K.L.:
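Can you keep this structure in mind? I'll have questions shortly.
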Amino acid sequence: MRPEVASPHLLEADAVERTYRLGRDVEVHALRGVSFVVERGDYVAIVGSSGSGKSTLLNLLGALDRPTSGHVRYDGRDVREMDDAELAELRNTRIGFVFQSFHLLPRMTALDNVALPLVYRTGSPRERRRRAERALEAVGLSDRMDHRPTELSGGQQQRVAIARALVTEPALLLADEPTGNLDSTTGEDIMGLLETLQAEQGTALVVITHEAEIAARASRIIELRDGNVVSRAQPRGQVSASGGPRGDI
Amino acid sequence: MSVREAFRVAMQALVANRLRSVLTMLGVLIGVMSVVLLVAIGQGARSEITGAIEGLGSNLLFVLPGDGDFGSGPSRSRFVLDDVERIDRELPGAEPRVAGSSVGSEPLQVDGVRLNATVLAITASYPQVLSREIARGQQISESDIATSRRTAVLGAGTAEELFAGQDPIGRTVNLGGTQFRVGGVLARVGGGGSPFGPDQDRTVLVPITTGQRLFGTDRIDSIFVRASSTAGVDTDRVTVQRILGQRLGEEDFTVVSQDEIIGVVGDILQILTIVLGSIAGISLLVGGVGVSNIMLVSVSERTREIGLRKALGARTRDITTQFLLEAIVLTVVGGLIGLGLGIGFAQLVAAFAPVPAEVTTWSVVLALGVSTGVGLVFGVLPARRAGQLDPVEALRRD
């Protein structure tokens with residue numbers, strides 16, 4: 001844990017705007033002032049149709065991009081004030097990404113894929129291997145460690161990707177349409193797995209989705225439309241054991 | 001990420017794309033191989049030829065017909081035997097220090113064996129001045145010259161070819177239609193022929209007077225002077241110029257020292273070596289451009305991988321290092337294999353070709369240095385491009 005005096009929030013989006021310039025005179029306002037907070041152990045769904053600004057928001061929350069105006073703060077530190085190396089470190093230590101298309105490296109085994117984020121840290125290869133094995137066990141793939149992605153089913157590939165996201169013990173799991181490329185049964189399994197990890201390890205979970213059923217599983221739903229937050233809801237009140245402290249939303 | 005880790009990642013990528021890696025490497029490999037091999041051949045020729053000139057002994061002065069301008073073509077000699085004797089009288093010392101020779105080519109025949117021999121008609125001082133040792137029999141003597149005796153001293157190679165192991169001393173050979181008695185056989189010199197003179201082992205020596213009659217001339221082609229010391233070379237040169245100048249014009253003769261010849265020949269061959277090396281260097285450069293090209297393709301093919309690595313915590317520097325190392329590994333490994341092949345071929349050439357090959361340290365250092373440099377220089381552009389990829393864009397790519 002890093003010292004955090006300025007803000008108790010794990011993640012804070014404060015009047016975030018993101019404008020893209022297309023050509024000389026055309027500006028696209030992907031986000032027009034979005035604000036919300038994510039606390040430790042939170043389970044938040046961000047929903048919206050295509051073009052609502054979900055992807056832009058994901059990139060900003062994942063520290064892959066900087067807002068045009070407004071602030072994205074992790075542990076009270078503004079992403080806009082960080083340089084390339086600090087952003088890389090933030091992504092490496094605090095955030096775990098789960099992508100719709102898995103993004104596994106095809107020529108590496110499951111184990112090497114999972115160990116990949118640890119390569120950008122200090123630590124021996126032996127230590128990396130041990131942690132990657134543990135992460136693969138946690139997602140139930142102990143027997144597939146030496147398989148390459150092409151030798152795994154879609155659900156298994158997404159499990160490898162989840163193992164890769166949690167091998168760094170991040171504070172936040174950022175899942176972008178995690179079930180988008182999976183059939184509904186497998187999607188159900190994957191959501192269950194993410195929720196278990198969130199509940200058991202106290203990791204905050206932010207799921208970005210366009211599916212209402214998936215969103216409904218979260219403790220909070222933030223709905224985007226045309227770059228604005230149009231609603232904040234708590235679908236089922238307290239969900240499972242997640243029960244993190246509720247920020248005022 | 002540590003450099004060691006980056007190296008591991010780079011190796012993994014290269015192994016995963018074996019065929020492409022090998023083909024890329026080939027450009028650098030051939031470049032380094034050509035540099036090492038061609039420079040070795042040039043260098044070998046240089047030391048062979050300068051060695052052959054040095055083998056004549058030290059502190060020699062060569063008196064050649066003409067004004068010494070190689071561009072004007074061969075000049076007719078105006079030296080006669082009397083010039084040799086006059087120089088000999090003027091130079092101090094008891095040892096014979098001046099020799100003259102006339103060169104011709106005549107058919108040489110014994111029993112059924114016939115060959116074309118380079119015949120050197122020499123003064124008796126020639127073997128001593130030009131360090132030609134006798135192996136068997138006797139050198140040509142003053143009395144042989146005084147009586148124009150038909151005696152011949154064979155080079156080791158000539159003797160071997162004509163008599164195939166039998167003792168040639170006392171045998172009779174037919175040289176240019178005249179019967180000669182073999183009086184001696186010279187010791188083997190080795191080294192073969194060169195553009196600057198005949199193969200010393202394949203000559204036939206005859207007395208100057210006999211030879212001039214055989215060639216139908218009273219001229220002498222070259223005069224050789226051995227100075228007593230390095231310092232004496234210049235005084236002797238002045239003496240020779242003065243004596244010849246009394247009878248001949250300035251344009252009729254040139255006096256050059258052995259060191260000058262070695263210097264000029266060495267310089268010419270050094271330039272030849274550098275030119276050969278530079279031409280090979282161009283192929284190395286082309287190989288480098290190939291590396292750059294392939295690395296750019298590799299970067300664009302692996303855009304998604306780069307985006308993912310950045311999302312997982314790779315810094316710009318980590319990505320740049322990874323791709324730079326890939327380029328360097330390609331060129332260094334290619335360079336090392338090329339070096340091995342270059343040395344191997346150089347030894348093959350040395351073993352089988354008349355031109356020897358000498359692998360020099362500077363060509364090895366240069367080739368490896370340049371190939372690593374090529375990897376670095378031509379790897380920078382693709383590596384920087386990889387490092388600066390926007391992760392958002394990179395991840396979106398399908």
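What you see is a predicted model, and the numbers here were worked out from it, not measured in a lab. So you know, we letter chains A, B, ... as the sequences are listed, proteins then strands, and number each from 1.
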K.L.:
Write out, in numerical order, the residues from residues 11-28 of chain B with a heavy atom short of 4.5 Å from a heavy atom in chain A.
P.N.:
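Checking residues 11-28 of chain B against chain A gives B:Q12, B:A13, B:A16.
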K.L.:
List in chain and number order the residues that pass ring pair (Phe, Tyr, Trp, His ring centres under 6.0 Å) with A:H71, two or more places apart in sequence or in another chain; answer none if no residue qualifies.
P.N.:
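Listed in chain order: nothing, the list is empty.
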K.L.:
Any salt bridge between B:R315 and A:D83, counting N to O under 4.0 Å?
P.N.:
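No, this pair does not count.
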K.L.:
Sort B:R302 into side chain, backbone, both or neither according to what part of it lies under 4.5 angstrom from a heavy atom of chain A.
P.N.:
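Interface part for B:R302: side chain.
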K.L.:
Non-hydrogen contacts under 4.5 angstrom with chain B: give the residues of residues 113-120 of chain A involved, or none if there are none.
P.N.:
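Heavy-atom contacts from residues 113-120 of chain A to chain B are A:L116, A:P117, A:V119, A:Y120.
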K.L.:
Measure the OG-CD distance between A:S101 and A:Q157 for me, rounded to the nearest 0.5 Å.
P.N.:
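Interatomic distance, A:S101 OG to A:Q157 CD, rounded to 0.5 Å: 10.0 Å.
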K.L.:
Are A:L111 and A:L136 side-chain neighbours, meaning at least one heavy-atom pair lies under 4.5 Å?
P.N.:
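Yes - at least one pair of side-chain heavy atoms lies under 4.5 Å apart.
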K.L.:
Heavy atoms only: give me the nearest A:G96-A:P170 pair and the separation to one decimal.
P.N.:
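Looks like N-CB, 3.6 Å.
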K.L.:
Taking B:Q322 for the side chain and B:R317 for the main chain, is one N or O donor matched with an acceptor at less than 3.5 Å?
P.N.:
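No, B:Q322 side chain to B:R317 backbone: no donor-acceptor pair under 3.5 Å.
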K.L.:
May I have the step-by-step check of side-chain hydrogen bond (donor to acceptor under 3.5 Å, both in side chains) for A:N181 and A:Q100, ending in yes or no?
P.N.:
CA-CA 6 Å; A:N181 282 10; A:Q100 176 176 0; 3.1 Å; yes
K.L.:
May I have the step-by-step check of salt bridge (charged side-chain N to carboxylate O under 4.0 Å, His left out) for A:D75 and A:R40, ending in yes or no?
P.N.:
CA-CA 10 Å; A:D75 309 312; A:R40 283 162 188 76; 3.1 Å; yes
K.L.:
When rounded to the nearest 0.5 angstrom, what is the spacing between OG in B:S300 and CD1 in B:I306?
P.N.:
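Result: 9.0 Å between the selected atoms.
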K.L.:
For each of A:M108, A:R91, A:R121, tally heavy-atom pairs with chain B at distances under 4.5 Å, and name the one with the top tally.
P.N.:
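Most pairs with chain B among the choices: A:R91.
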K.L.:
Just checking, is any N or O donor in the side chain of A:T186 or A:D183 under 3.5 Å from an acceptor N or O on the other one?
P.N.:
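Side chains of A:T186 and A:D183: pair found under 3.5 Å.
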K.L.:
At under 4.5 Å between heavy atoms, what parts of residues 275-287 of chain B are in contact with chain A? List them by residue number.
P.N.:
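Contacts with chain A: none.
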K.L.:
Can you find a side-chain donor-acceptor pair between A:T109 and A:D146 that sits under 3.5 Å?
P.N.:
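Note: A:T109 and A:D146 side chains miss the donor-acceptor criterion.
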K.L.:
Does any heavy atom of chain A fall under 4.5 Å from the side chain of B:E305, the backbone, both, or neither of them?
P.N.:
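When you check distances to chain A, atoms from both the backbone and side chain of B:E305 fall under 4.5 Å.
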K.L.:
Supply the atom-to-atom distance A:E17 CD to A:L31 CG, rounded to the nearest 0.5 angstrom.
P.N.:
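Between A:E17 CD and A:L31 CG, I get 9.0 Å after rounding to 0.5 Å.
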K.L.:
List the steps, then state whether salt bridge (charged side-chain N to carboxylate O under 4.0 Å, His left out) holds for A:D14 with A:R73.
P.N.:
CA-CA 8 Å; A:D14 177 10; A:R73 295 190 190 93; 3.6 Å; yes
K.L.:
With a 3.5 Å cut-off and no angle check, do the side chains of B:E358 and B:S47 form a donor-acceptor pair?
P.N.:
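Yes - a donor-acceptor pair under 3.5 Å links their side chains.
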